[in-house]
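One structure is given below, encoded as C-alpha cells.
So that the names make sense, note that chain A is the first sequence line, chain B the second, and so on, each numbered from 1.
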Amino acid sequence: MNERLDTELSAAARQVIREARGADDPTAEDEARVKARWLAGIAAGAGVSSLSEAVRAAASTGWGLKAGALAAALAAAAAGVYLGWPQLSESPRASTPASSVTGSPMTGSPAAGSPGASNAAPSPGPAPRPSATAPVTALPAPAGASPAAVSPPAEGSPTQEQLAPEPPGTAEPQAIASEAVPPARVPEKAVAVKAARAPTPSRSVRRAVLLKAPAPPVERPRTVAAPLPSGQLGEEIALLSEIRNNLQSGSAARALEQLAAYRQRFGQPSLAMEADALQVDALCRAGQRDAARAAANAFVSRWPGSPLQQRVDAACR
Amino acid sequence: MVDAERDECATPEQAFERHFSMVWRSLRRLGVAPSSLDDAAQDVFLVLHRRWLDFQHQSSLKTWIYGILLRVASDHKRRARRERARWSPEPTDLESPVELPDRILQQREASHLLHVALGQLDDKERQMLVLVDLEEGSAVEAAEALGINLNTAYSRLRRGRQSFEKALRAASSSKPRADLEDAARGPEAVDITTETRITTETNGE
C-alpha cells in the first residue's frame, strides 16, 4: 500500500506501536455507555431510519452487551452527562441537606457560568447543562406537559438505584463512572473518572441523586449494573420513536396522547429531554401554537444548551 | 449479523458495533482529552447517523468514518484549547496501580511513549500516522478521509514518520523506565505537550 514511501517506520517504532496495541481500546462499559447516549441522542432526532432496529437491539440481548453494561450506560447517561441533568455550582457536601433523602434536593441556584467546558458539543452532540432542574419543585414545567413528565428520575426509579453505588455521607460523585470500569484498566479508569468530573458544577447534583436513592447499598458494587431492568431504556426509546413516527405521519393528536402515556408510565423517564422536545413538536403539529410556544420556552429553561434545541426551535416553523 | 470480513454495514447500529473501537482509540490518539472522549465518540456516531443516507459508498465505510472522526477530533481539541484558558487543568491525582503484570506495564509504557511521541507531531502529521501506521489504513484511504490529494498525503506521512521517529527517540531517552507512574496514569500529561506544540504552531501560522 505504501510502497511509494521512502520513509518507512523503523523496527523500534513499529515495536512501540505493536506493544501499545490495545492500550487505547475502549472497554465494554465505554462502548455501552456511549452507545446508550448515542441512542438517546437520536431517539428524539429527526430522520431516523433504523431506530426500530436499535430499539430491538437495546431492549433485547441482541445489543451484544450484557444487560449490566446497558444499565451502566443508562446510569451514566442519566447521571447528567447527556440527558441534561442539572449542573449546580455549589460545593457538594455543604449544599446537600440530609433531608434530601426524602425530599427534593434543593441544592442551589443555577450555575451562571458555562457548563462543563470540555463537553460542549457540536449541534447534535451532548452538552451538559448548567441550570438547576433536578429538584422537582424547582422545575419550570413546560406548559403543555403533564407535571409528572417533567420530573427527572427520582425515588424508586430503577435508574436512580444505578446511581447509588455508595452510601450517602461517604459518596464521592465521581465514583459513579469509575465503578463501571475494570480496575486493571487504569487509563480507561482515568477516562471514566475524568469524564464524570468534567462538568465540575454537576457534582452536587450527582450527590443529590445519590442521596435521593432508596436504600443505597452499603458496599460499593463492582459495577453500577445490577438492579436496572434492562428493558427500560429500550422501552422508552421504543415508545418515543413510535411517537415520532406518529408525528411524522401526521397523527399529532395520537402523539400527544402517547406522550402523556409515556410520562405516566415512566414517571421519571430517562429520556425526559427527548420527550419534552417531542412534546413541543406534537403541540405545534396539533395546532396548539400557544401551548407549543410555552412548552418551547419551558424547554429552553429546563434544558439550556440542549442538543435538541435546534429541533425545538424549528418545530413551529 | 453482517459478514465480519466485509466493510458493509446495513445500519448505523452495525457501523457502531463494528467501528466503535477504532473511533474511540483514534480519537484518543489524535489528542482528544480523556474527559471529552465520550462526547467526541458520541458526536462521531451522531454525525454518522444523521448523514447515513448520504453515504454513497464512493469510499469505504471505514474511510468515511475516518473523515467524520478527524473533524470531530479537531473540533474537540479546538474547544479544549479555548476552555483550558478558563478552566483549571483536570486533576491527575488518581491512585496508581498496585501490582500489574509485566505485560500490562509494558503496554502502558509503550502507550505512554506512543502518546508522548504523537503529541510532538503537528496535527496533519499525526492524522496521517494514526490512520496509516496505527490503524493500518492506506495512504489512499487517508487521503480520501482528509480530502487531500495523494501526493500531499504521502508527503505528510513521510514527514509524520520522521517526526514520530525523532520524538520517539527523544521520549525514550528522557523517560526512563522508572517513570512508570506517568505511563500508568495514561497519556494525560501528553496533552500539555500536544497543546503547547499546537498553540505554538497556531501562533506561528
For the atom pair [atom1] ([X]) and [atom2] ([Y]), what is the distance rounded to the nearest 0.5 Å?
X: A/L9; Y: B/D133; atom1: CG; atom2: CG; answer: 4.0 Å
X: B/L134; Y: A/D24; atom1: CG; atom2: CG; answer: 9.0 Å
X: A/I17; Y: B/L118; atom1: CD1; atom2: CG; answer: 8.0 Å
X: A/L39; Y: B/F45; atom1: CG; atom2: CZ; answer: 11.5 Å

So, for [X] and [Y], which heavy atoms are closest and what is the spacing to 0.1 Å?
X: B/A110; Y: A/E19; answer: CB-CB, 3.5 Å
X: A/A13; Y: B/F164; answer: CB-CE2, 4.0 Å
X: A/D30; Y: B/F20; answer: O-CZ, 3.9 Å
X: B/L46; Y: A/W38; answer: N-NE1, 3.5 Å

Exercise for the section: Check whether B/L168 gets within reach of chain A through its side chain, its backbone, both or neither, counting any heavy atom under 4.5 Å. Expected result: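 For B/L168, the side chain is the part near chain A, not the backbone.
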
Handout entry: Exam field: side chain B/E165 to backbone A/S10, donor-acceptor pair closer than 3.5 Å
Key =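 The answer is yes, because a donor-acceptor pair under 3.5 Å joins these two groups.
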
Handout entry: Ion pair B/E17/A/K35, N-O distance below 4.0 Å
Key =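 Salt bridge flag = yes for A/K35 with B/E17.
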
Exercise for the section: With a 4.5 angstrom heavy-atom cut-off, could you sort out which part of A/R21 is near chain B: side chain, backbone, both or neither? Expected result: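 Both parts, heavy atoms under 4.5 Å.
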
